[in-house]
Amino acid sequence: MLPTLTEPHRPARRGTVYLVGAGPGAPDLLTIRALRLLQTADVVVHDSLVAPEIYGELAARCIDAGKRSGDHGLGQDGINALLVQLAQENLAVVRLKGGDPYVLGRGSEEALALAAAGVPCEVVPGVSSSLAAPLLAGIPLTHRGLADSFCVVSAHPQHEGQLPDIPPFSPRRTLVILMGVHTLSQWLPQLHALGYPETLPLAFVLRASWPQARAWQSTLGRCLVDLEQHALASPAVAIIGEVVSLRDRLPQEQP
Ligand SMILES: C[S@@+](CC[C@H](N)C(=O)[O-])C[C@H]1O[C@@H](n2cnc3c(N)ncnc32)[C@H](O)[C@@H]1O
């Protein structure tokens, strides 16, 4: 049965931290469970990628724990400690993270830190940008005859000097690269070395589901030249594979 839209059906409990996925940006891509928890939380600790429209009018106290490039904010240890402290003050805490909390978002590290401190924690899935950004730009990640699998990769190495963990080219696999907008010139040669053809279509989807959403399409061989005509702002997702060529025939979200 659908929850009634006027009554919280899963109110946030005191002394508990909810790791909640906020989706890619647009408030109406939140889940109903996420909305109910936000409406009943005492405090919301949010990321910089979460749209202000989502937390701007909440009754809860809001804390920005955002890590912008060049500014590490509280740092991961500081965020973990803050979540433990707020729960130990017997508050109902929502930790609101962009997309899905367990997709390249360090949500599982936060859950482990809470478990180690004996703090009750629940995790609420969100719509990951790795799925939403391609879809909203008219790109299916799989399509019969073109791709029957996809791989989501972080271009941001876990350790300095490490290369992104990109699999060798397969004509039937779509590659989705997160956190790769500012480092395109670094991972592009790796794709060539792994057998990805120059003619393979590539698309960048910027700020998917936000009012400023944009997408542009190129090929692996041309994209560095094309990039000069397109200001690439983050956050953005790169999609690489034949499925990109369906874009002109499939619905795209108009910002
Ligand atoms: C730290 S990762 C977090 C991913 C998040 N947990 C998720 O499931 O979407 C941040 C990266 O997600 C991608 N991203 C997040 N929101 C986006 C959006 N609205 N449009 C395009 N890319 C987005 C970008 O690649 C960005 O660098």
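Since we're looking at a predicted model, the values are computed, not measured.
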Can you list, pair by pair, the side-chain donor-acceptor contacts under 3.5 Å of residues 248-255, counting residues two or more places apart and other chains?
unit_1 : atom_1 : unit_2 : atom_2 : d
Gln252 : NE2    : Arg247 : O      : 3.0
Gln254 : NE2    : Gln252 : O      : 3.4

Approximate separation, where rounding is to 0.5 Å, of [X] [atom1] and [Y] [atom2]:
X      : Y      : atom1 : atom2 : result
Asp165 : Gln190 : CG    : CD    : 8.5 Å
Gln76  : Leu74  : CD    : CG    : 9.5 Å
Arg36  : Thr31  : CZ    : OG1   : 10.5 Å
Leu146 : Ser245 : CG    : OG    : 6.0 Å

If the condition is side-chain hydrogen bond (donor to acceptor under 3.5 Å, both in side chains), which residues does [X] pass it with, not counting sequence neighbours?
X     : result
Arg61 : none
Gln85 : Glu89
Arg14 : none

Should [X] and [Y] be regarded as members of a common hydrophobic cluster, given that ILVMFWY residues are connected when their side-chain heavy atoms come within less than 4.5 Å of each other, either directly or indirectly?
X      : Y      : value
Val153 : Val181 : yes
Leu58  : Val93  : no
Leu206 : Ile240 : yes
Phe204 : Leu220 : yes
Phe150 : Val103 : yes

Would you call [X] and [Y] a side-chain contact if the rule is heavy atoms closer than 4.5 Å?
X      : Y      : answer
Pro24  : Leu29  : yes
Val17  : Leu86  : no
Gln217 : Val244 : yes
Val127 : Asp100 : no
Leu19  : Val124 : no
Val243 : Leu141 : no

Test side chain to side chain contact (heavy atoms under 4.5 Å, CB included) applied to Val94 and Thr40, step by step:
CA-CA 9 Å; Val94 166; Thr40 53; over 6 Å; no
Using the ring of each side chain (for Trp, its six-membered ring), is Tyr55 parallel, tilted or perpendicular to His46, with breaks at 30° and 60°?
parallel
Given 3.5 Å as the limit, does a donor-acceptor pair link the side chain of Trp210 with the main chain of Ala26, or not?
no
Compile the donor-acceptor pairs under 3.5 Å between side chains in residues 192-202 and protein atoms, sequence neighbours left out, one pair per line.
unit_1 : atom_1 : unit_2 : atom_2 : d
His192 : ND1    : Glu198 : OE2    : 3.3
Tyr196 : OH     : Pro167 : O      : 2.7

Give a yes or no on whether a salt bridge exists between Arg173 and Asp148, defined as a side-chain N under 4.0 angstrom from a carboxylate O.
no
With a 4.0 Å cut-off, would you call Glu110 and Lys97 a salt bridge?
yes
Test applied, side chain to side chain contact (heavy atoms under 4.5 Å, CB included); reference residue, Arg95; option that passes from Val43, Val20, Val44, Asp47:
Asp47
Go through the steps to decide whether Ile139 and Leu246 satisfy the test side chain to side chain contact (heavy atoms under 4.5 Å, CB included), and finish with yes or no.
CA-CA 6 Å; Ile139 302 168; Leu246 294 172; over 6 Å; no
Check step by step if side chain to side chain contact (heavy atoms under 4.5 Å, CB included) holds for Val237 and Val176.
CA-CA 7 Å; Val237 164; Val176 181; 3.5 Å; yes
Name each donor-acceptor pair under 3.5 Å that joins a side chain in residues 129-138 to protein atoms two or more places apart or in another chain, with its distance.
unit_1 : atom_1 : unit_2 : atom_2 : d
Ser130 : OG     : Ser128 : OG     : 2.7

